[in-house]
Protein chains: 2
Amino acid sequence: MNEGVEWALHSCLNLAWIGEERAVTAARLAGYHELPPAYLNKQLQSLVRAGILSSVPGCQGGFRLARSLDRITLMDVVTAIEGPDEAFRCTEIRGQGPGATTGRPTAECAIADAMGRADLAWRRELAAQTLADVRARAERQAPGAPDRIRRWFADL
Amino acid sequence: MNEGVEWALHSCLNLAWIGEERAVTAARLAGYHELPPAYLNKQLQSLVRAGILSSVPGCQGGFRLARSLDRITLMDVVTAIEGPDEAFRCTEIRGQGPGATTGRPTAECAIADAMGRADLAWRRELAAQTLADVRARAERQAPGAPDRIRRWFADL
DNA sequence: ACATCCTGGATATTAATCATCCAGGTTACG
DNA sequence: CGTAACCTGGATGATTAATATCCAGGATGT
């Protein structure tokens, strides 16, 4: 799985902790975790295209959350970064070689179907968790983090 | 996800349909779906190491199922080919940069925890399905397949 | 005007996957 | 015996995806 998913999730939480007042620069978000700024910027752009973040161009511009954390699921973020494809990709090797059934279209591969069920269970669990849930758990585990983050992003 | 998972699953089903009487060569299993023989062989070796297949070396050698399909889950095969790591890998970017909490060990990252839940749901679904289930569904969708496979592997 | 900063495409770099090859050991068969 | 078939494991190369940077263009505050 793309490392950008982790960056995107942390950045969304950071944006929520910083607050809505102003947009935050990609370089600044990257600086907080020492991530490559240009590359994080790409991931943030994906979040914008997915409608999770909104971006402000120009001077004093940057990124902010397009909606509140309780309306963003893990599934939203994963799909935005990773794309819609499922992990298991059926290449239909049934249809290759002497085993191929000539002519008529075959029913769906039972193996792809089975793997698809597992993928569905994964997505369901991702869709069941909002970033608000994650944030709440994070604050319970590290109560000092929100303030620390707010302070760091506050000074110039 | 590794393409070898698909090959391994199809090969296990084929071995079950062929029957227990004799071992089947990697080249022969590969030939049925026009897969690269040497590379499929590698995947079969992984299945042997995982105890899913057993191999007989030497002339007239090959591979056979080490146990019946109802005792092999999708999880077994996926783990054998893909390894034990989960898809989402937490790189603990919390601990990098100015956001790092100095000193004491931090509680588990709430994001990694949340992604881990989804991974668990995925694995549970994989572990809940045996290859016998998959075989049954495949035979319902394509009743002619078992015979066709048996015949192709039967002649020299 | 000018500096800042997002956008999107092009491009380079690095790692993972896909695939082949070979030497070594094992077994059937003549 | 000895030879051909076949698995084993490591080394190696080719291909593709992930990672990362760069730049021209447009937008915006000062």
Side-chain angles (χ1 to χ4, degrees), chain A residues 1-8 11 15 21-31 33-66 78 80-83 85-89 91 93 96 153 156, chain B residues 1-8 11 15 21-31 33-66 78 80-83 85-89 91 93 96 153 156:
Chain A
M1 165 161 304
N2 198 319
E3 196 175 352
V5 172
E6 185 183 11
W7 302 357
S11 295
L15 282 172
E21 57 268 10
R22 71 176 189 285
V24 183
T25 261
R28 207 144 172 69
L29 282 167
H33 292 304
E34 285 177 354
L35 303 175
Y39 193 32
L40 175 65
N41 188 35
K42 282 256 180 289
Q43 320 288 358
L44 297 177
Q45 281 181 40
S46 297
L47 295 180
V48 171
R49 273 189 291 270
I52 295 168
L53 301 185
S54 66
S55 62
V56 185
C59 191
Q60 296 286 75
F63 298 90
R64 57 164 53 109
L65 290 169
V78 169
I81 304 294
E82 289 271 276
D85 295 349
E86 59 183 77
F88 179 84
R89 176 175 49 103
T91 60
I93 61 175
Q96 298 172 8
F153 280 98
L156 185 67
Chain B
M1 165 162 307
N2 198 318
E3 196 175 353
V5 172
E6 185 183 10
W7 302 357
S11 295
L15 282 171
E21 58 267 10
R22 69 177 192 283
V24 183
T25 263
R28 206 143 174 69
L29 282 168
H33 292 302
E34 285 177 354
L35 303 174
Y39 194 33
L40 176 65
N41 187 36
K42 283 256 179 288
Q43 320 287 359
L44 297 177
Q45 282 180 40
S46 297
L47 296 179
V48 170
R49 273 190 290 272
I52 295 169
L53 300 185
S54 67
S55 63
V56 305
C59 192
Q60 297 286 77
F63 297 88
R64 57 165 52 108
L65 289 168
V78 169
I81 303 293
E82 289 272 277
D85 295 349
E86 61 183 76
F88 180 84
R89 176 175 49 101
T91 60
I93 61 176
Q96 298 171 8
F153 280 98
L156 184 69

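Numbered from 1 within each chain, the chains take letters A, B, ... in sequence-line order.
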*Hey, mind stepping through Glu82(A) and Met1(A) against side-chain contact (heavy atoms from CB on, under 4.5 Å) and telling me if it holds?*
CA-CA 8 Å; Glu82(A) 289 271 276; Met1(A) 165 161 304; 3.8 Å; yes
*Would you please test Val78(A) and Asn2(A) for side-chain contact (heavy atoms from CB on, under 4.5 Å) and show each step?*
CA-CA 9 Å; Val78(A) 169; Asn2(A) 198 319; over 6 Å; no
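Between Leu35(B) and Leu29(B) there is no side-chain heavy-atom pair separated by less than 4.5 Å. Contact of the Val5(B) side chain with the Gln43(B) side chain is not registered, since no non-hydrogen atoms from C-beta on lie closer than 4.5 Å. No side-chain heavy atom of Asp85(B) sits less than 4.5 Å from a side-chain heavy atom of Arg89(B). Side-chain contact between His33(B) and Trp7(B) is absent, with no heavy-atom pair separated by less than 4.5 Å. At least one side-chain heavy atom of Thr91(B) sits under 4.5 Å from a side-chain heavy atom of Glu6(A).
By the side chain to side chain contact (heavy atoms under 4.5 Å, CB included) test, Val48(A) pairs with Leu53(A), Ser55(A), Phe63(A), sequence neighbours left out.
Between the CD atom of Glu34(B) and the P atom of dA19(C) there is a distance of 13 Å, given to the nearest Å. Rounded to an integer number of Å, the gap from CZ of Phe88(B) to C1' of dA18(D) is 16 Å. The distance between atom CZ of Arg49(B) and atom C1' of dG10(D), rounded to the nearest whole Å, is 11 Å. For the pair Glu6(B) CD and dT17(C) P, the computed distance is 16 Å after rounding to whole Å. Following rounding to the nearest Å, Ile81(B) (CD1) and dA19(C) (P) show an atom-to-atom distance of 14 Å. Between Glu82(B) atom CD and dA16(C) atom P the separation is 13 Å, expressed in whole Å. Taking atom CZ of Arg22(A) as the reference point, atom P of dG29(D) lies 15 Å away to the nearest angstrom. Going from atom CE of Met1(A) over to atom C1' of dA15(C) covers 18 Å, rounded to whole Å.
Considering only side-chain N and O atoms, Ser55(B) lies nowhere under 4.0 angstrom from the phosphate OP1 or OP2 of dC6(D).
Ser11(A) and Leu40(A) make their closest contact through OG-CD1, 4.0 Å (heavy atoms, listed as atom of the first residue, atom of the second, distance).
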Restricting to nitrogen or oxygen on both sides, can you table the protein-nucleotides 3-5 of chain C pairs closer than 3.5 Å?
| residue | atom | partner | partner atom | Å |
| --- | --- | --- | --- | --- |
| dT4(C) | O2 | Cys59(A) | N | 2.9 |
| dC5(C) | O4' | Gly58(A) | O | 3.2 |

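Less than 4.0 Å separates DNA chain C from at least one heavy atom of each of the following residues of residues 35-48 of chain B: Pro36(B), Ala38(B), Tyr39(B), Lys42(B).
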